[in-house]
Amino acid sequence: MTTDSWRNLIEHIGLLYQEYRDKSTRQEIETRRLQDSQTDPEESSPSEETPPETEPASTPESKAAPQINLLRNSNSRFNLWQDLPEIRSSGILSILQPDEIKLQEAMFELVTSEASYCKSLNLLVSHFMENERLKKILHQSEAHILFSNVLDVKAVSERFLLDLERRVEENIVISDVCDIVYQHTVDHFSVYITYVSNQTYQERTYKQLLQDKPAFREVITQLELDPMCRGLSFSSFLILPFQRITRLKLLVQNILKKVEEKSERETTALEAHKELETVVKACNEGVRKMSRTEQMISIQKKLEFKIKSVPIISHSRWLLKQGELQQMNGPKTSRTLRTKKLFREIYLFLFNDLLVICRQIPGDKYQVFDSAPRGLLRVEELEDQGQSLANVFILRLLENADDREASYMLKASSQSEMKRWMISLAPNRRTKFVSFTSRLSDCPQIQCVHPYVAQQPDELSLELADVLNILDKTDDGWIFGERLHDQERGWFPSSIGEEILNPKIRAQNLKECFRVHKSDDSQRRKLGSRNRQ
């Protein structure tokens, strides 16, 4: 294979990565819908029907099978492995077991999606970054923030794709790809952390350039209109590396679900998944660290302490939730009084380790009159509430700023807001349904059919086809969920998802999730055992 092989493969991939990703996730949603509607979910869908059984003449290894040549195959634009002409003509489909065919499809998708991703990266660099008009408009520092180390990311992707293609062309039956994923993740994928950590500054710089430089806005608009971009925005190209490293982890998860248990391929897939998860977590932490530092500085400037001052800025502290609540005035006996002055406004800043209770004062400032460590907070929902006490809960500070116990009766604007505050203030409080870690065989589940971007720190951003356990829900349309593939928790509108009604499908989702994360579980057990010794 020549050094230009990856370029040829990219040319034969018809879809840009954004198009591939959208089509792939929508297919995943439709497949899950079909399975959910079946009375027996174990029945295979039409696309996964087993070929007619024939007497196997030989094993795949001993058969003189032709090689797959992706470079000459124009059908590899968004096809299944089993639809390739080489596969159809070889007779291999009558020899392989259905589970092995599904595994081949999962590995083939990882390879072709990387080619699609490379195609989009090339366009980002050649069409946008290297555009001469854009170069003249942008200051060197602006260009650096906007494109960061995308050339390093591109080089890593090209090297990765070349190794993947070499593996695919070794034999008509793909032996494995997760060993390649593992090696490249360990040796090269740190470039993703650098790129993604710059995301906060990248987004801000892009918005500022659009606002302050009409010439920049004009050039970007013209470049986006080029047929090569397929109607996709410049920003959709900038976010490619973060989307890819996250998707790559999910593709390895998909392979892991299909490999035989206790096999060498399972071990390799688990190792690759573990390393990818480390990179993804570092990427997420990089983004959060940049935005959290600025947010904490901004909050610190707004606070004036009526009590003993508490240092707000800390490298290990971040904001979980903030907002206005109504505090009940007077003794508890006044709860029955129907008066407009029954409640007064207070403002809460809840951090991961601290609660600060304030009153808003003129000049966009907040006067702090109480605080407590988050671990010393307790919440209690009022029962038999009348209309005036709807969405009211009691917040207890076991040890407040004056080193004494204090209670606040607080009213939220809605049922969902009340529940969100209660779960944020006391995260160990039992939810309506159990979490993934409880290991129960069934739990209400929902799949995301519309993407959602979190608007508040306690919300969860969701991608198409994400599957979540439902931990709690409200009557006014909000769900508190736990995403299966990474156990991240947060709130989101119920309108963005569809509940999975088939208990067998829910159980299968949990079983697959347990398998993917079993290496994490064994690691936790080892740590727990060491701690007890």
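One is the number of the first residue; the rest follow in order along the sequence. Below, each value reflects all heavy atoms present in this structure, side chains not excepted, and no hydrogens, waters or symmetry copies.
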If the plane angle is over 60° it's perpendicular, under 30° parallel, otherwise tilted; pick one for His184 and His188.
-> tilted
Relative to the ring of Phe480, is the ring of Trp491 parallel (under 30°), tilted (30 to 60°) or perpendicular (over 60°)?
-> tilted
From Lys119 atom NZ to Ser157 atom OG, the distance as rounded to the nearest 0.5 Å = 13.5 Å
Using a cut-off of 6.0 Å, state whether more than 12 heavy atoms not belonging to Lys135 lie near its atom NZ.
-> yes
Any donor-acceptor N/O pair, Thr267 side chain to Ser263 backbone, under 3.5 Å | yes
Are Arg265 and Glu100 close enough, and set up right, to give a salt bridge (Lys or Arg N to Asp or Glu O under 4.0 Å), and what steps lead you there?
-> CA-CA 12 Å; Arg265 288 196 290 192; Glu100 179 62 32; 2.8 Å; yes
If you measure from the Lys or Arg side-chain nitrogens to the Asp or Glu carboxylate oxygens, is any gap between Glu260 and Lys102 under 4.0 Å?
-> no
Passing candidate, salt bridge (charged side-chain N to carboxylate O under 4.0 Å, His left out) with Asp163, options Arg167, Arg166, Arg159 | Arg166
Go through Leu110 and Leu248 one step at a time and tell me if the side chain to side chain contact (heavy atoms under 4.5 Å, CB included) criterion holds.
-> CA-CA 7 Å; Leu110 189 147; Leu248 195 56; 3.9 Å; yes
Are a donor atom and an acceptor atom from the side chains of Ser24 and Arg247 found within less than 3.5 Å of each other?
-> yes
Sidechain-backbone polar pair: Asp36 side chain, Asn502 backbone, donor-acceptor under 3.5 Å | yes
Are Lys154 and Glu158 close enough, and set up right, to give a salt bridge (Lys or Arg N to Asp or Glu O under 4.0 Å), and what steps lead you there?
-> CA-CA 6 Å; Lys154 178 173 169 285; Glu158 290 167 358; 2.9 Å; yes
Test side chain to side chain contact (heavy atoms under 4.5 Å, CB included) applied to Glu498 and Arg32, step by step = CA-CA 10 Å; Glu498 296 174 350; Arg32 202 172 283 128; over 6 Å; no
Would you sort out whether Phe189 and Tyr192 count as a ring-ring contact (aromatic ring centres under 6.0 Å, His included), showing the intermediate values?
-> CA-CA 6 Å; Phe189 282 5; Tyr192 281 95; 5.4 Å; yes
Lys/Arg N to Asp/Glu carboxylate O, Glu463 vs Arg21, below 4.0 Å | yes
In terms of side-chain heavy atoms, does Glu109 have a donor or acceptor partner in Tyr20 at a distance below 3.5 Å?
-> yes
Using atom types as modelled and distance alone, determine if a side-chain donor or acceptor of Arg506 lies under 3.5 Å from a backbone N or O of Leu501.
-> yes
Backbone N/O of Asp152 and side chain of Asn149: donor-acceptor pair under 3.5 Å = no
Without hydrogens or angle criteria, can the side chains of Tyr452 and Glu459 be said to hold a donor-acceptor pair below 3.5 Å?
-> yes
If you measure only the distance, is there a donor-acceptor pair under 3.5 Å linking the side chains of Ser236 and Gln18?
-> yes
Under the side chain to side chain contact (heavy atoms under 4.5 Å, CB included) rule, what do Leu468 and Glu482 come out as? Steps first, then yes or no, please.
-> CA-CA 5 Å; Leu468 304 97; Glu482 180 180 54; 5.9 Å; no
If we only count heavy atoms from C-beta on, is the Phe108 to Ile87 side-chain gap below 4.5 Å?
-> no
With a cut-off of 6.0 Å (strictly less than), are more than 12 heavy atoms of other residues, nucleotides or ligands near CD of Gln222?
-> yes
State whether Glu28 and Lys23 are salt-bridged, where the test is any N-O pair (Lys NZ or Arg NE/NH1/NH2 against Asp/Glu carboxylate O) under 4.0 Å.
-> no
Side-chain H-bond candidate by donor/acceptor type, Lys258 with Asn254, under 3.5 Å = yes
Give a yes or no on whether the backbone of Gln202 and the side-chain of Thr205 come within a donor-acceptor separation of less than 3.5 Å.
-> no
Mind checking the CG-SG spacing from Leu464 to Cys448? Nearest 0.5 Å is all I need.
-> 5.5 Å
Is a side-chain donor or acceptor of Lys213 paired with a backbone partner of Ile137 at a separation under 3.5 angstrom?
-> yes
Are Met129 and Leu124 close enough, and set up right, to give a side chain to side chain contact (heavy atoms under 4.5 Å, CB included), and what steps lead you there?
-> CA-CA 6 Å; Met129 181 179 174; Leu124 171 60; 5.7 Å; no
Have a look at Phe128 and tell me which of Phe147, Tyr206, Phe216, Phe237 forms a ring-ring contact (aromatic ring centres under 6.0 Å, His included) with it.
-> Phe237
Roughly how far apart are Glu114 CD and Leu164 CG, rounded to 0.5 Å?
-> 6.5 Å
After noting the C-alpha distance and the side-chain angles of Arg33 and Glu30, does the key distance pass the salt bridge (Lys or Arg N to Asp or Glu O under 4.0 Å) rule?
-> CA-CA 5 Å; Arg33 280 173 175 163; Glu30 290 304 320; 2.4 Å; yes
Interatomic distance, CG@Leu270 vs SG@Cys178, rounded to 0.5 Å, equals 9.0 Å
Taken to the nearest 0.5 Å, the spacing of Thr185 OG1 from His273 NE2 works out to 11.0 Å
Kindly compute the distance separating CZ (Arg483) from CD (Gln487), expressed to the nearest 0.5 Å.
-> 10.0 Å
Polar side chain donor-acceptor pair, Gln82 to Glu105, under 3.5 angstrom | yes
Judged by atom type as modelled, is there a donor-acceptor pair below 3.5 Å linking the side chain of Ser461 to the main-chain atoms of Ala454?
-> yes
For Glu19 and Leu16, indicate whether the former's side chain and the latter's backbone hold a donor-acceptor pair under 3.5 Å.
-> yes
Whether Asn509 side chain and Gln445 backbone form a donor-acceptor pair below 3.5 Å | no
Mark yes or no for whether Ser116, through its side chain, and Thr112, through its backbone, hold a donor-acceptor pair below 3.5 Å.
-> no
